[in-house]
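Worksheet for the structure shown next.
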Amino acid sequence: MTSGTASGTAALQERRYRILVTGYAISSYGTFLNVVALSLYVYAVTDRALAVGVFMAVRLAAGFVAGLAAAAVLARWSAKGVMFWANVAQAAALLLLVLAPDGFRTGTLFAVSAVVGASGTLFMVTLRSSIPDMVGEGRHTWANSLMVSGRSMAMVAGFASSGVVVSLLGYTAAFLVDMATFLVCALTVLLLPMSMGPARGNEEKDSQGKDVEGGQGSQEEEGADGQGRRRDGRRRVPAALVALGAVPVLGLMVALRGIDALGSSSHNAALPVYSTELDADNPAVFVSVFWCVWALGNVLVQQVLQRYTKRTGRSVGALGFGLGTIAMSGTFILAFAGLPWAATVLVALLAGAADGLTEVSYTSHLQTLPSPLRTHAFGLSATVENLGFGVGMIVVAAALDVFTPLSVVGVAHGAAIVLALVYVARVLRGRGEAQVQEAEEPQQAQEAVPGSEEREGKNGKGESGAGPARGGHRDGAEVSGG
């Protein structure tokens, strides 16, 4: 392939991905508008605060299940098909809610909650795991930054306009707007140069006619002792566990993501309480300003990341995820410390920047996994995140009745900081071990090849091909060839 053809292909990939991100941002606006409009509608229909909690619990539970099932779904259907129908399903659920008779609205609401939770999770797992195939090698950070920027701006727009849309236009109009955003996203998915039909690659048979499930390969089929224990079903290793074991500290990384989700539930639940304490007459002011500034910080850091990646050709890596989590959790704790307005605005800006850094570094890092394991890893991650956020919402809601917002957020995000410190130490230790190994490889190669010391003296460098040129400067948690 000539350089001109390659450049044209890359430009086409980028253009189609930008269109998809635009559609995703529009549907994200609908999602965040949904969060407010549907919650208010549940309370209006049932007149019970408990129903609002159950509604959110159903949504998170559906997302939890969808995360577990995502890999199996993508093994049978193409990424394009899953993303398309996930948006159509959400649009159809909202239309059903609009058309539902009065006596069936409560039941319909909880059905909508399940559909939106499951479809939203399936869409995100599919999108994140498919980005390497959409944009090509070396463009992961740029693609993830663009995706996160679009979602951040959509979040602010959704939250900011939800009150106006519901108050001026009513619930029916809000649901129809939501429905339209998902249909727009579905249309942008159709423009992707991918098949809509069932996935064929994962259904192929090997030369002996055995199923190749999830790309696990012959090692799992033969089992540890080569006796084919997987074939008779007596020893089957879940693909998600294989994904966790495929990369150093990946299990710890996913666990940290779950604790981070618990921390996120704490500040999401505590913000309205804290804002009311600051100004009981206008409690929405602090929340609105905080999230707007947070989104600004998130968008700004994406611009920095894109320029850094373009200039250096490197991503922030696994270490950036750990350090970003520490910074993010620390700033969210400070947000509830009663600081002056100017300091709080700065804290919100830094919290958004750190949140954007962790999102991009985490997503980009999981995308270095080989394709079959990548889907399992993202599905497991979505499950853990939904579990952390769901459990956190229950625990935090109860704790806020007894303790101050600062103490509740401090404990939740403090746990994330502790685990992040352990994670960073593990990554640094892995990086040190990798550097020692790289330093030893040339010496071992010289000892193994007679006359290598003389060539070293003549050429000023070894000829073994080892070292950074081959192994690179790794952070102890990366996968080659991804």
Side-chain angles (χ1 to χ4, degrees), residues 10-11 13-35 83 87 120 123-132 134-136 138-161 181-182 184-185 188-189 191-192 257 260 264 288-317 320-321 323-325 327-328 331-332 345-346 348-367 378 381 385:
Q13 286 179 329
E14 180 176 318
R15 184 160 55 250
R16 284 172 170 166
Y17 181 73
R18 285 182 182 275
I19 293 173
L20 175 62
V21 168
T22 300
Y24 167 63
I26 292 172
S27 70
S28 294
Y29 168 78
T31 297
F32 290 113
L33 181 61
N34 251 337
V35 169
M83 289 191 290
N87 280 284
F123 177 85
M124 282 309 303
V125 170
T126 307
L127 174 60
R128 288 172 173 172
S129 62
S130 301
I131 282 177
M134 295 181 190
V135 300
R139 300 285 285 163
H140 303 175
T141 300
W142 167 80
N144 293 323
S145 294
L146 192 65
M147 177 185 68
V148 174
S149 295
R151 188 182 64 193
S152 298
M153 291 186 287
M155 187 190 79
V156 175
F159 283 150
S161 65
T181 64
F182 293 119
V184 169
C185 186
T188 62
V189 170
L191 298 177
L192 294 174
R257 189 70 171 174
D260 176 39
S264 295
S288 299
V289 171
F290 183 89
W291 283 122
C292 285
V293 177
W294 173 91
L296 177 62
N298 200 312
V299 172
L300 288 175
V301 82
Q302 304 312 324
Q303 305 306 311
V304 174
L305 286 174
Q306 290 179 32
R307 284 166 173 75
Y308 170 79
T309 303
K310 185 176 182 179
R311 188 179 70 254
T312 65
R314 301 176 61 185
S315 62
V316 289
F321 169 67
L323 296 176
T325 301
M328 177 185 62
T331 50
F332 270 120
V345 167
L346 178 60
L349 188 72
L350 294 175
D355 209 346
L357 173 65
T358 59
E359 174 74 14
V360 171
S361 57
Y362 179 78
T363 303
S364 298
H365 193 71
L366 262 62
Q367 287 166 352
F378 275 111
S381 176
E385 290 176 51

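Residues: numbered from 1 along the sequence shown.
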Problem set entry | Heavy-atom side-chain proximity of C185 to T181 below 4.5 angstrom | no

Exercise. If you measure from OG on S264 to CZ on F332, what distance do you get to the nearest 0.5 Å?
Worked result: 6.5 Å

Exercise. Do any N or O atoms from the side chain of S364 and from the backbone of S361 form a donor-acceptor pair under 3.5 angstrom?
Worked result: no

Problem set entry | Rounded distance [0.5 Å steps], OG1 in T126 versus CZ in F378 | 11.0 Å

Problem set entry | Pairwise distance CG(N87) to OG1(T188) - rounded to 0.5 angstrom | 7.0 Å

Exercise. Does a side-chain heavy-atom distance below 4.5 Å link V304 with L300?
Worked result: no

Exercise. What's the shortest heavy-atom distance between L20 and M134, and which atoms?
Worked result: CD2-SD, 3.7 Å

Seminar exercise, completed: Between A154 and Y29, the two heavy atoms sitting closest are CB-N, 3.5 Å

Problem set entry | Separation of S149 OG from Q303 CD (nearest 0.5 Å) | 5.5 Å

Exercise. Minimum heavy-atom separation for G320 to L357, with atom names?
Worked result: O-CD2, 3.9 Å

For this session: Kindly write out the residues that satisfy side chain to side chain contact (heavy atoms under 4.5 Å, CB included) with T358, not counting sequence neighbours, or none if the list is empty.
Result: R257, F321, T325, M328, D355

Exercise. Heavy-atom distance under 4.5 Å between the side chains of Q367 and N144, does that happen here?
Worked result: yes

Exercise. What are the two closest non-hydrogen atoms of A143 and I131, and how far apart are they?
Worked result: CB-CG2, 3.6 Å

Exercise. Between L366 and S381, which heavy-atom pair has the shortest distance, and what is it?
Worked result: CD2-CB, 4.3 Å

For this session: Name all pairs fulfilling the salt bridge (Lys or Arg N to Asp or Glu O under 4.0 Å) condition that reach into residues 144-154, sequence neighbours left out, sorted by first residue then second.
Result: R151-E359

Exercise. Sub-3.5 Å donor-acceptor pair from the side chain of S130 to the main-chain atoms of L127, do we have one?
Worked result: no

For this session: Hey, could you give me the CZ/CG distance between R16 and L191, rounded to the nearest 0.5 Å?
Result: 8.0 Å

Seminar exercise, completed: Rounding to 0.5 Å, atoms CE (M124) and CE (M83) come to a distance of 10.5 Å

Exercise. Is it true that W291 and F32 have ring centroids separated by less than 6.0 Å?
Worked result: no

For this session: If a pair satisfies salt bridge (Lys or Arg N to Asp or Glu O under 4.0 Å) and one of its residues is in residues 294-306, list it, with sequence neighbours excluded.
Result: none

For this session: Could you tell me how the ring of W142 sits relative to the ring of Y17: parallel (under 30°), tilted (30 to 60°) or perpendicular (over 60°)?
Result: tilted

